[in-house]
Amino acid sequence: MDDRSTFQAYLQSICPNVFYQPGKNVSLTYPCVVYKDSQVERTDANNHLYTAFMGYQVTVISRDADDPIPKQILKNWPNTGYQNAFITDNLYHTVLMCYTIY
Amino acid sequence: MALTWDQTGERLYETGTDHGVLYPQSADGTYGTGVAWNGLTKVTESPDGAEETALYADNSKYLSLLSAENFKGTIEAYTYPDEFAVCDGSAQVAEGVTVSQQPRMPFAMSYRTLVGNDTEANNHGYKIHLVWGAKVSPSERAYETVNDTPAALSFSWAFTTTPVDIGGDFQKSATMVIDSTTADKTALAALEAKLYGGDGDAQPTMPTPQEVLEMFKTTTTPAP
């Protein structure tokens with residue numbers, strides 16, 4: 001499993017606009033991938049943290065209802081799960097959960 | 001003086017396990033250099049035996065005989081030292097190539113559990129568990145596809161032991177526990193230096209039960 005910088009590079013390879021935990025003043029251009037820290041999956045051994053995986057909530061936002069980016073992430077990034085999808089302001093949002101090593 | 005319960009500082013509990021060390025047995029029966037067991041998650045002690053055989057006479061229970069005790073359990077970890085392979089029936093036939101279903105080498109191990117209380121939490125003390133003459137049996141390994149949740153395979157080995165001579169008036173035993181909250185501090189430091197290695201060239205080695213008893217000589221008393 002790779003780290004966040006590798007994940008960032010992967011996302012940039014399939015989408016020109018990738019935002020990691022963007023501030024409120026950041027203007028998004030579409031299609032884009034917005035992702036943020038969501039949860040840490042940890043394993044413990046010898047009375048301390050042994051390995052940890054960071055789970056990111058990844059939201060793909062596009063004007064295209066059939067945008068291939070969500071499917072590409074699901075197919076190519078290990079430890080990725082589909083969460084949900086919704087439409088806001090005529091923008092199609094697909095939410096995934098992806099993990100990297102922490 | 002009246003009894004009291006659960007006073008401050010007396011609310012003891014035990015938790016955790018760490019400092020696992022494996023000491024594979026050599027062909028000559030001695031235990032080799034200890035190696036750290038990374039990823040140790042659980043050691044379950046499941047002794048059995050001491051089963052009662054009741055004898056009756058004169059229309060009532062006359063005597064109760066107990067069978068011998070057997071110390072056994074399971075070890076769980078995310079990984080294991082390379083040196084454990086021979087203990088788990090593997091043999092290296094070439095660099096990076098191993099075959100299984102080979103003779104299983106006995107081993108000794110030590111591990112630590114924590115003793116906590118209500119004032120110092122988990123820092124109150126610890127117990128060092130020593131196990132001699134252990135052998136593991138084959139165990140299942142369920143390799144599973146990578147899926148939407150990260151997970152690591154947890155290995156589990158069931159072990160049994162053959163008791164060894166303890167010395168003195170004690171019966172043979174396969175295990176010994178040293179409690180840091182009551183044991184002599186100097187002897188404990190010496191034991192830890194032997195178990196975990198020390199400064200310079202001191203290699204981690206498993207002492208014999210007699211050596212351990214010798215270290216803690218002033219406080220060893222046979223059970224009545």
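These numbers were taken from a predicted model, which means no experiment stands behind them. Chain letters run A, B, ... following the sequence lines, proteins first, then strands; residues in each count from 1. Every heavy atom of this structure was used, including side-chain atoms; hydrogens, water molecules and symmetry mates were not.
- By the 6.0 Å contact criterion, NZ on B:Lys194 is enclosed, its count of non-hydrogen atoms from other residues, nucleotides or ligands being greater than 12.
- Residues from residues 6-42 of chain A that place a non-hydrogen atom less than 4.5 Å from a non-hydrogen atom of chain B comprise A:Glu41, given in numerical order.
- With a 4.5 Å cut-off on non-hydrogen atoms, A:Thr80 touches chain B through its backbone but not through its side chain.
- Between the side chains of B:Asp18 and A:Asn47, at least one donor N or O sits under 3.5 Å from an acceptor N or O.
- The structure places OH of A:Tyr50 at 5.5 Å from CG of B:Asn38, a figure rounded to the nearest 0.5 Å.
- The neighbour count for B:Lys185 NZ, taken as heavy atoms of other residues, nucleotides or ligands under 6.0 Å away, is above 12.
- When all heavy atoms of B:Gly20 and A:Asn46 are compared, the closest pair comes out as N-OD1, 4.2 Å.
- Each of A:Tyr82, A:Tyr99, A:Trp77 has some count of heavy-atom pairs under 4.5 Å with chain B, and the biggest count is that of A:Tyr99.
- Between the CZ atom of A:Phe53 and the OG1 atom of B:Thr149 there is a distance of 11.0 Å, given to the nearest 0.5 Å.
- The shortest non-hydrogen separation linking B:Asp148 to A:Gly81 is CB-CA, 3.7 Å.
- A:Asn90 CG: 12 or fewer foreign heavy atoms inside a 6.0 Å radius.
- Scanning all heavy atoms of the two residues, the minimum distance from A:Asp44 to B:Tyr78 falls at O-CE1, 3.5 Å.
- Heavy-atom contacts from other residues, nucleotides or ligands closer than 6.0 Å to CD of B:Gln210 number more than 12.
- In this structure a side-chain-to-backbone donor-acceptor pair under 3.5 Å is present from A:Asn79 to B:Asn147.
- In this structure, B:Asp28 places its CG atom where more than 12 heavy-atom neighbours from other residues, nucleotides or ligands lie under 6.0 Å away.
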